[in-house]
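Both ligands and their constituent atoms are indexed starting at 1 by order of listing. Fair warning: this is a prediction, and the values are worked out from it, not measured in the lab.
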Amino acid sequence: MQGLSNATVTIMDEGTTGYRLVERASIVIDGDKIAWVGADADMPAAWRGAASLDLQGRVVTPGLIDCHTHIVYGGDRAREFEMRLEGAAYEEIARAGGGILSSVRATRAAGVDELLASALPRVDTLLSEGVTTLEIKSGYGLDVESELKMLRVARRIGEMRPVHVVTTWLAAHALPPEFKDDRAGYIDQVVIAGMDKGHAEGLIDAVDGFCEGIAFSVEEMARVFDHAKKLGLPVKLHAEQLSDLHGAAMAAGHGALSADHLEYLGADGIAAMAKAGTVAVLLPGAFYTLRETKYPPVQALRDAGVPLALATDSNPGTSPLTSILLTMNMGATLFRMTPAECLRGVTCNAARALGLADRGVIAPGARADLAVWDVRHPAELSYRIGFNPLHARIFGGKNV
Ligand code: DI6
Ligand code: FE
């Protein structure tokens with residue numbers, strides 16, 4: 001039994017979309033769980049003796065959760081970024097081997113150790129900003145072994161660092177050149193066959209796909225989801241990022257945990273998500289990098305009661321972003337989300353987008369994953385740009 005005292009604790013009550021602060025508060029931790037939280041003065045006598053760390057009024061939030069990343073990949077796309085800014089046309093970049101397939105080539109060529117060595121500094125940057133749960137997708141291997149290799153690296157990250165890693169099977173990310181005339185063959189031989197293999201090895205926590213004109217159709221993704229369902233794996237979808245294919249509605253119909261991106265989401269998708277309880281994961285880093293001008297329908301999602309989450313989408317092409325705090329700031333400034341919505345977006349609603357019911361709030365019984373901040377109010381976390389006020393990160397009850 002140990003405790004934190006003299007804290008400003010951020011409470012996010014169920015059934016609300018805001019937060020409230022309890023000042024001069026204590027949190028009692030028993031093992032890896034929160035045993036009690038409340039005003040110092042109200043602490044039950046039984047816990048008064050627990051060793052306690054005086055936080056001197058600092059704000060405590062749940063540990064942050066980045067619920068959508070592609071943080072494991074080979075190489076980078078900095079030269080492609082540079083070429084584009086020097087005026088190169090898209091075809092030129094493609095001819096020079098650019099785009100998503102350049103990340104696929106580099107990922108296929110890299111061994112586990114190399115992928116790990118390149119991903120860890122990015123992961124460490126997120127941890128330094130209070131992240132305690134991190135989702136990592138496959139999707140740059142596009143053959144069974146390379147996709148599984150990516151998820152093995154993801155699992156290794158969870159063993160090497162004090163962070164909980166959730167893995168997602170995203171073989172349906174792009175069609176590799178060797179299957180360019182055989183879409184159904186790719187779905188059968190790689191997406192589905194690899195899902196079976198990865199599931200048998202315990203490498204897959206959820207199944208995702210990129211549903212877009214340049215990637216996979218609603219019908220193709222429905223087939224992938226039907227298979228995931230047979231294996232008992234939860235599903236989620238990259239939907240309505242560049243156009244409205246009505247993928248979010250299909251995903252919601254399959255009970256998806258989340259639909260992600262959503263700039264082009266229409267009323268049908270919003271209604272279906274509200275009905276199914278599917279979380280809207282907004283990815284302002286990709287919006288920013290692509291200089292998108294179409295905004296996700298935040299007000300309509302709010303009105304419909306769809307929970308909003310925010311994530312980095314950390315990836316080498318459209319969101320080379322490894323700051324969850326900047327993501328919160330972008331959620332506020334670009335998408336007009338309130339600071340409370342931004343914080344819920346990287347805590348309780350992000351937990352829900354991952355199907356994790358045991359975290360994302362500071363409440364008795366929840367995992368003791370906490371972030372302690374050198375701020376007086378949690379709105380500062382969304383307000384500042386490029387400033388990291390993390391004071392301490394507590395993972396499973398341990399100060400790490
Ligand atoms: N949506 C995106 O923006 C990225 N993947 C996805 O499903 C693009 C990935 C890349 O360009 O590497
Ligand atoms: Fe993504």
For atom 1 (N) of ligand 1, the protein heavy atom that lies nearest, with its residue and separation = Gln241 OE1, 3.0 Å

Does a donor on one side chain sit under 3.5 Å from an acceptor on the other, for Asp369 and His164?
-> no

In this structure, atom 7 (O) of ligand 1 is nearest to the protein heavy atom His238 CD2, 3.1 Å

Looking just at side-chain N and O atoms, do His261 and His68 make a donor-acceptor pair shorter than 3.5 Å?
-> no

Would Ile362 end up clustered with Val22 when hydrophobic side chains under 4.5 Å apart are linked, directly or stepwise?
-> yes

Taking atom 12 (O) of ligand 1 as the point of reference, which of Phe287, Phe210, Phe216, Tyr140 owns the nearest heavy atom?
-> Tyr140

Which heavy atom of the protein is the closest neighbour of atom 11 (O) of ligand 1, given with residue, atom name and distance?
-> Arg77 NH2, 2.9 Å

Give the residue, atom name and distance (to 0.1 Å) of the protein heavy atom nearest atom 6 (C) of ligand 1.
-> His173 NE2, 3.4 Å

Atoms in ligand 1 flagged as close to His261, the criterion being non-hydrogen separation under 4.0 Å = 1 (N)

Parallel, tilted or perpendicular: which fits the ring planes of Trp36 and Trp47, with parallel below 30° and perpendicular above 60°?
-> tilted

May I ask whether Glu212 places a heavy atom under 4.0 Å from ligand 1?
-> no

Among Glu82, Glu80, Glu86, find the one that has a salt bridge (charged side-chain N to carboxylate O under 4.0 Å, His left out) with Arg84.
-> Glu80

Are Val190 and Val104 co-members of a hydrophobic cluster defined by side-chain heavy atoms under 4.5 Å apart?
-> yes

Short question: side chain of Asp13, backbone of Thr16 - any donor-acceptor pair under 3.5 Å?
-> no

Which atoms of ligand 1 are found less than 4.0 Å from any heavy atom of Thr318?
-> 2 (C), 3 (O), 4 (C), 8 (C)

Near the Fe ion (ligand 2), meaning under 2.8 Å, the protein N/O/S atoms are His68 NE2, His70 NE2, His238 NE2, Asp313 OD1

When hydrophobic residues are tied together by side-chain contacts of less than 4.5 Å, even through go-betweens, does Leu175 share a cluster with Ile187?
-> yes

Short N-O contact, Arg152 and Glu201, less than 4.0 angstrom | yes

Check: His70 ring centre within less than 6.0 Å of His238 ring centre = yes

